[in-house]
Trainee: 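Before I ask anything, let me first share the structure, which is written out below as structure tokens.
As the structure is a computational prediction, the values presented were derived from the model and not from experiment. What you see below is based on every heavy atom in this structure, not just the backbone, and it leaves out hydrogens, waters and symmetry mates.
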Amino acid sequence: MSKRVLVVDGTGRGHAICDLFVRTDPEVTVFYGPGCGVIEHDRIRPAPGVSLDNPRTAVEFLQQNPMDLVFVSNIDALSRGFVDVLRCFGYPVIGPTQAAAALESSKATGKRFCVDHGIPTAEYQSFTDPAAAEAYISSRPYACVVKLDGLTPNGDGAVVCDTEADAHQAVRRFAAEHGEAFRVVVEERLTGDEISVFALLDGASYVLLPTARDYKRTLDGDLGGNCDGMGSIAPHPAEDDALRARLRADLLDPLIRGLRAERLDFTGFLYLGAMITDRGLRVIEINARFGDSEAEVVLPGMTSSFTDVCRAVLAQQLSGERITFDGLARCTVALTQGGLDPGDPAAPPGWPFGDFVAGQPVTGLAAAASSPDAQLFYGRLDRGPGGVPVTTGGRALHAVGRGKTLADARTAAYRAAQLIAFPGMRYRHDIGADRILAAVG
């Protein structure tokens, strides 16, 4: 019997979720809204009328197109209450409610939740007064991170500061940009090994998924500011049975207890940005959806029917579901819309440094997709004149490589990336390289 699913997203993560459905279930058809017009798959169909900003558009789509389930995986939609609205209309939907999504959409809420429920995290304070934030920074005996409290469009709302002067500068910049809406979290800058932790929740229990390592800095060598991410590897090189046991006991178990205590309705993917420090695990942030670009290296490894898994989530029977993975390593490289003329100081600098010129024609997609051990996931792409793929945003697409080792996966990812071209294309050249060097001493 054919099955129909609506996925609400419009990023490389969303494409990876659509691919997961159709790859693991030959009978499912996915409607992807607003989706990406470049995806070519007979069972992934665009639903461009669904807007991430307005849950009414999803209701209108569903009234005309009955679905077996809806999977909301984009934080913009989640923070606007898509799950709450769709449930009011009686639709079977997976995703955290607006109140649960506030664990991500408000950094202060997420930090408060960690402290209240014994989840280890960095010392912090929240501020609405820039002068008070600066006084707090001056009183701290450590380097700080300054974060905007709310969501930011390019993941650039966190400034990791090397010095006290850097932190003061970040506060003053945010104050100038946001005026009376100024609200920041100032927290201790942690040192250690970053790890992306993922779980699938059904409202009563959870399943821990493979971990990953994300590269959030914009430039090679982990330089430059934070952005939505320039690539990822999976599994995290430190992952083993002992670490997974610690992740459950120290982070996920108390988090689930906290959700129950606060009566927060959370189903779907949970993503903890965490740090392995010399003082133990510490949560950097709570996210109410899968990471992008980590989704592109974790979800392709799942071999279980994701449709069946989602049915178990809706029935709150996830604890009895066995989710299997292929055990391969993966590496993804984000191909972004950089500046068109780096030699012209007046030209737009490109993403994520500032403005960029979208609409650039993309070539080489078919060749890259057919590259051995490679896969592409599309984000900010669409069809231009004559049906030619063109860029529409910062992170245009993700080139993914797989292999028995990280070195093999990394080689396959960069081989695919080098077959693709568009004016201003920019990407990091060192995703995963540090882990390979560390492994060989």
Side-chain angles (χ1 to χ4, degrees), residues 4-24 28-39 41 43-59 61-62 65 67-86 91-98 100-101 104-105 151 153-155 198 200 209 228-229 232 266-271 287-300 302 306-307 309-310 313 332 334 375-382 392-398 400:
R4 293 156 61 91
V5 172
L6 172 65
V7 172
V8 179
D9 208 323
T11 64
R13 169 191 54 241
H15 188 187
I17 292 171
C18 293
D19 174 77
L20 176 60
F21 272 112
V22 299
R23 179 175 51 79
T24 60
V28 72
T29 297
V30 177
F31 294 80
Y32 184 27
C36 174
V38 175
I39 297 173
H41 193 290
R43 290 188 290 120
I44 301 177
R45 302 179 184 177
V50 176
S51 167
L52 300 176
D53 298 330
N54 186 354
R56 182 180 294 274
T57 61
V59 172
F61 175 84
L62 291 165
N65 303 275
M67 297 285 144
D68 294 289
L69 68 93
V70 182
F71 200 105
V72 184
S73 57
N74 187 284
I75 185 56
D76 293 332
L78 294 168
S79 66
R80 289 174 170 84
F82 266 62
V83 170
D84 310 66
V85 171
L86 295 180
Y91 295 112
V93 57
I94 295 175
T97 61
Q98 186 175 34
E104 174 176 0
S105 61
L151 298 173
N154 297 312
F198 302 103
L200 182 63
L209 304 176
D228 277 334
S232 296
F266 198 123
T267 61
F269 291 127
L270 170 79
Y271 158 30
N287 297 280
R289 38 75 197 182
F290 222 103
D292 181 16
S293 57
E294 294 102 323
E296 289 89 318
V297 289
V298 174
L299 298 183
M302 188 183 295
F306 194 55
T307 308
V309 170
C310 287
V313 170
T332 184
Q375 189 172 10
L376 301 181
F377 291 112
Y378 301 143
R380 303 303 185 186
L381 292 178
D382 206 344
T392 61
R395 286 194 301 177
L397 71 155
H398 305 257
V400 181

Trainee: Mind checking whether H15 and Y378 have ring centres under 6.0 Å apart?
Mentor: yes
Trainee: Okay, side chain of T267, backbone of P96: is any donor-acceptor separation there less than 3.5 Å?
Mentor: no
Trainee: Using every non-hydrogen atom in the two residues, find where L86 and A58 come nearest and quote the distance to one decimal.
Mentor: CD2-CB, 4.1 Å
Trainee: Between S79 and Q98, what is the shortest heavy-atom contact and its length?
Mentor: O-NE2, 2.8 Å
Trainee: Run through R380, H398, R395 and flag the one making a side-chain contact (heavy atoms from CB on, under 4.5 Å) with T11.
Mentor: R380
Trainee: Side chains of L151 and E104: closer than 4.5 Å at any heavy-atom pair?
Mentor: yes
Trainee: Apply side chain to side chain donor-acceptor pair (under 3.5 Å) to T307 and list each qualifying residue two or more places apart in sequence or on a separate chain.
Mentor: D25
Trainee: T24 side chain to F306 main-chain N or O, any donor-acceptor pair under 3.5 Å?
Mentor: yes
Trainee: Taking the ring centre of each residue, are F71 and F269 less than 6.0 Å apart?
Mentor: yes
Trainee: Using side chain to side chain donor-acceptor pair (under 3.5 Å) as the criterion, list what pairs up with S293, not counting sequence neighbours.
Mentor: S232
Trainee: Kindly indicate, with the supporting measurements, whether the criterion side chain to side chain contact (heavy atoms under 4.5 Å, CB included) is fulfilled by D19 and L299.
Mentor: CA-CA 9 Å; D19 174 77; L299 298 183; over 6 Å; no
Trainee: Please list all pairs passing the salt bridge (charged side-chain N to carboxylate O under 4.0 Å, His left out) test where one or both residues lie in residues 45-55, with sequence neighbours left out.
Mentor: D53-R80
Trainee: Measure centre to centre between the rings of Y271 and F198, then say whether the value is under 6.0 Å.
Mentor: yes
